[in-house]
2 protein chains.
Amino acid sequence: MKATIKDVASLAKVSIATVSRVLNNQDNVSLETKRKVQLAMHKLDYQPNVLAQRFVRNISHLIAVVIDERGMTAMDQFILVLLQGVFKVTKPRGYDVILIPGTDLDVNYKSLVAMFNQNMYDGVILTSPTKNQLPYLNLLQAKVPVVVSGRVPEGIPISTIDNDNVKATYVATKYLLELGHRRIAYIGGPSYYWVGEERLNGYKKAISEAGLTISPELVVEDSFDFAGGYRSLQQLLACGADFTAICVYNDPMAIGTIKGLKDRGYKVPGDVSVIGCDNLPIGMMVEPALSTIQSNISQVGEITAKLLFEALEGGESEVTHNLLPLELVKRESCRILA
Amino acid sequence: MKATIKDVASLAKVSIATVSRVLNNQDNVSLETKRKVQLAMHKLDYQPNVLAQRFVRNISHLIAVVIDERGMTAMDQFILVLLQGVFKVTKPRGYDVILIPGTDLDVNYKSLVAMFNQNMYDGVILTSPTKNQLPYLNLLQAKVPVVVSGRVPEGIPISTIDNDNVKATYVATKYLLELGHRRIAYIGGPSYYWVGEERLNGYKKAISEAGLTISPELVVEDSFDFAGGYRSLQQLLACGADFTAICVYNDPMAIGTIKGLKDRGYKVPGDVSVIGCDNLPIGMMVEPALSTIQSNISQVGEITAKLLFEALEGGESEVTHNLLPLELVKRESCRILA
DNA sequence: TTGTAGGCGTTATCAG
DNA sequence: CTGATAACGCCTACAA
C-alpha cells in the first residue's frame, strides 16, 4: 500500500498536521522537525495523493482547452503551436491541460458548463470563436472562468487575445500596392469565422486607402487549405478577372493558389505576385511568394493562459481585448533552405 | 453554495446512501424513491462533485498522452489525428485526456512515474518511441499502465500499435520497380527514430528482392520536413547520384524534394518520379507524385486507447504488438481538386 | 512551534 | 429496499 500522510507522521513521530505543513512548505515549522519529516517522507517514498488534495481544496488543477474542427484539422493546425504557449504558463503553476474536442461550441456549451459545475476543470480556453452570443452568455452566467483565443461577439465581457488580423492583410496588401500593383485580388478563408472576415477587411482597407475601388470579381473565398486556394484561383480566372497580384488568407491556401497559377502557365512571381499570411512560425511555404505575414500563435497561447490564471487567482479581473502585433517577414525564394 | 448529496437527501427525505445509489444507478432502489431523488436532484440542479468521486474511488479518470518534440512540431503533426482516435475511445468512457509535453522521454520518465504515484493520471500513452530501455523499465517497475503508439525496444513487455512502416516503403518502392525504374533513390527521415529506420528497411527490402544492390550514394536522410526533403535532394545531386525515381519518407519531405527537382529543371514526373508516404488522411501533397502510402494514424490512436483501457480494467492484459495495414492510395495530379 | 479534531462529498459496508 | 456510519487522505482552524 502506498504511504499516506499518516505513515509519514508516525514514522517521524509528529502529527499529520505538521507533515502537512512541511508538505506545503509553510514557514511555521522548526528546521529540526522539518528534517525529520522529510527524512520520513524519503524513507517511505511518500507521494502526496493529489486526488485528495484537489478534493479538499476544491481545485481540479486542470485547464480545459476547447478545440473545434478547425483546430482538429491537420491543415490549419495552429492549435499545437497555441498549446506550446499555454504549457509554458500552466506547467510551472502545476496545472495540467485537458483537451475538449468540440466540433461545435454552439452545441456543446451546455456540457462545458456541466463539466465546470462538476469541478472537472477550473477554467477554460476557447479557440472556437463562434459569432453566436448564447454560448458565451451561458458560460458567464455559470461563472465559468473563460478566456478566448480569438474574438468574441460585441458586448460579451470576456477577455480575448488574438493576432491583429485586419492589420495582417492590410500590411500585406499595402506592400503589394507599394510595389506598384493596382489590380490586386484577394483569396480569403471562410468569412464564417472572425478571422476570415477580419482579414478580408484588412485587404479592403488598404485598397480603399489607396484610392482604388474594390472589385467584387477580384474577391473570392473558400476553405482555408491547399484545395481552397487552388479552387479560388480557378474561380478568379473563370470570371475573367484581371490582376497582377493576389493577397491570400494563409499559407496553405497560398500554396494552392501558386500551384494553380503555375498550372495555367503563369510565372510566380513575375506574371503574378502572391503574398500570404502565415499562421505558423516556421517556413512552410513551398513557393514563398513576395513575403509573408507571420503571426505569433505561441505567444497568443501564452497570454491566453496568463489571463486565465489572473481570472482564477485574482477573482474579478479586467476584461481586455488584446491584439498582438504581427511580424512582417520578407522571405527570399530560397530562404527556407538557408 | 452548490448542492451536495446531503441536500438532495434531505430534500428527498431519504438517506445519502440512497441518493448515492440512484446517482450510480444501481438497481436496488425502488422506482418510487428513485423518482423522488431524481426530482430533488433536478430541483437543486445537483451536480456530483467529481473531485470527491475521484478521491474516494482513487481514480483520476485522466489519460496522459506524452508528446515529444516530433509531435509538437507543426510540420509532422500526426498527433492531432492520433488524438482524434484517442478521444473516440476515452470520451464515451468518461475519461479526459491530459497532454504531457515532453521533449525527451529519457529525461522525463521520472516525472511520469511521480505523476502516476500522485494519481495525476490512470494510464499513459507514449508517442515518443525512444530506443532507450530505461524509461520503459522504470515505468513498468512502477506498474504504470502504459501503451506505446509506435515501437518499443526488444524485450520490453509493453503493448504497441503502429503502422507497418516497413511495408509502407516496401510497397512504394516496389511500385516504382514495377514501373520499370532501376535506379531508385531513397530520402529518409532521421533514423534516430524507429520510423526512420523501418521505412529505410522497407526500401532496402524491395530493392534487394528485385535483385538489385543498394547503392549507398542513393540513400540519404535529413529532418522530416520540407527543408529536409529539399536538402536531401541537393545532397543526392551533389554526390553525382544517378536515378530515375525517388522514394521519400513522408509528404512534407516529398514536397521539398519535388521543389528541389523542379528548381534544377527536372520534370516531375517525367525525368524523375517521386513517391511519398503520407502520415495524414488528407491530401496535403502539393505535387502528388506517382502515388502515396497513407497511414491511418487516427485508427492507431483509437486502438492505442482501447488497449490502455483493457490494461486498466482487465488488470493483467496480454502484451501485443499490432501493425496496422496501410492503404496504398494512387493519386492523380489533380485528385486533390476533385 | 506543535497537536487535536472537524470537515470536505462520496462510496461502501453493514445492519435492519 | 433503506439507513447509519465508517472510511478515503489531506487541510485548517483552534488550542495548547
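These numbers were taken from a predicted model, which means no experiment stands behind them. The sequence lines fix the lettering, A, B, ..., with proteins before strands; numbering per chain opens at 1.
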Considering every strand and a 4.0 Å limit on heavy-atom distances, what is the contact class for [X]: base, sugar-phosphate, or nothing?
{"X": "A:Val19", "answer": "nothing"}
{"X": "A:Ser30", "answer": "sugar-phosphate"}
{"X": "B:Asn24", "answer": "sugar-phosphate"}
{"X": "B:Ile16", "answer": "base"}
{"X": "B:Val29", "answer": "sugar-phosphate"}

Partner of A:Gln118 by side-chain contact (heavy atoms from CB on, under 4.5 Å), out of B:Gln47, B:Lys2, B:Gln53:
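That would be B:Gln47; it is the only one of B:Gln47, B:Lys2, B:Gln53 passing the side-chain contact (heavy atoms from CB on, under 4.5 Å) with A:Gln118.
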
Paired with A:Val37, the side-chain contact (heavy atoms from CB on, under 4.5 Å) test is passed by just one of A:Leu23, A:Val8, A:Leu11, namely A:Val8

Please enumerate all residues that pass side chain to side chain contact (heavy atoms under 4.5 Å, CB included) together with [X], with sequence neighbours excluded.
{"X": "B:Phe116", "answer": "B:Tyr121, B:Val144, B:Pro145"}
{"X": "A:Ile16", "answer": "A:Ile5, A:Lys6, A:Ala9"}
{"X": "A:Ser10", "answer": "none"}

- Query: Is A:Glu154 salt-bridged to A:Lys131, cutoff N-O under 4.0 Å?
  - Reply: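 No, A:Glu154 and A:Lys131 are not salt-bridged.
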
Using whole Å, what does the distance between atom [atom2] of nucleotide [N] and atom [atom1] of [X] come to?
{"X": "B:Asn58", "N": "D:dA7", "atom1": "CG", "atom2": "P", "answer": "17 Å"}
{"X": "A:Phe55", "N": "D:dG9", "atom1": "CZ", "atom2": "C1'", "answer": "9 Å"}
{"X": "A:Leu23", "N": "D:dG9", "atom1": "CG", "atom2": "C1'", "answer": "11 Å"}
{"X": "B:Leu51", "N": "D:dG9", "atom1": "CG", "atom2": "P", "answer": "17 Å"}
{"X": "B:Lys6", "N": "D:dT5", "atom1": "NZ", "atom2": "P", "answer": "13 Å"}
{"X": "A:Arg54", "N": "D:dC11", "atom1": "CZ", "atom2": "P", "answer": "13 Å"}

Residues in salt bridge (charged side-chain N to carboxylate O under 4.0 Å, His left out) with [X], at least two apart?
{"X": "B:Arg21", "answer": "none"}
{"X": "A:Arg35", "answer": "none"}
{"X": "A:Lys306", "answer": "A:Glu302"}
{"X": "A:Arg57", "answer": "none"}

- Quick one: on DNA chain C, does A:Glu32 or B:Gln53 contact a more 5' nucleotide (nearest heavy atom)?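 Checking each residue's closest nucleotide, the 5'-ward one belongs to A:Glu32.
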
- Go through the steps for A:Ser60 and A:Asp122 under the test side chain to side chain donor-acceptor pair (under 3.5 Å), then give the verdict. CA-CA 6 Å; A:Ser60 70; A:Asp122 297 336; 2.8 Å; yes

TODO: Walking along DNA chain C from 5' to 3', note the first and the last nucleotide with an atom under 4.0 Å from a heavy atom of chain A, and give both.
DONE: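 Endpoints of the contacted stretch of DNA chain C: C:dT1 to C:dG9.
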
(Q) On the six-membered ring of B:Phe55, is A:Arg54 placed so that its NZ or CZ lies under 6.0 angstrom from the centre and within 45° of the ring axis? (A)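 No, A:Arg54 and B:Phe55 do not form such a contact.
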
Item to complete: Heavy atoms only: give me the nearest B:Ile67-B:Thr127 pair and the separation to one decimal.
Response: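 That closest heavy-atom pairing would be CA-OG1, 3.6 Å.
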
| Proximity to DNA chain D (any heavy atom under 4.0 Å), residues of residues 33-50 of chain A only |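 Those residues are A:Tyr46, A:Pro48, A:Asn49.
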
What pairs of nitrogen or oxygen atoms, one from the protein and one from nucleotides 13-16 of chain D, lie under 3.5 Å apart?
none

Next on the checklist: According to side-chain hydrogen bond (donor to acceptor under 3.5 Å, both in side chains), who are the partners of B:Gln299, at least two apart in sequence or on a separate chain?
Outcome noted: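 Once residues adjacent in sequence are excluded, the partners of B:Gln299 under the side-chain hydrogen bond (donor to acceptor under 3.5 Å, both in side chains) criterion are B:Asn296.
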
Subject >> Axial bend angle, the helix from C:dT1-D:dA16 to C:dG16-D:dC1: five-pair end segments, nearest 10° >> reply: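 Roughly 40° between the end axes, to the nearest 10°.
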
* To do: Between B:Val14 and A:Ser20, name the one whose nearest nucleotide on DNA chain D is closer to the 5' end.
  =>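 Going by which nucleotide is closer to the 5' end, it is B:Val14.
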
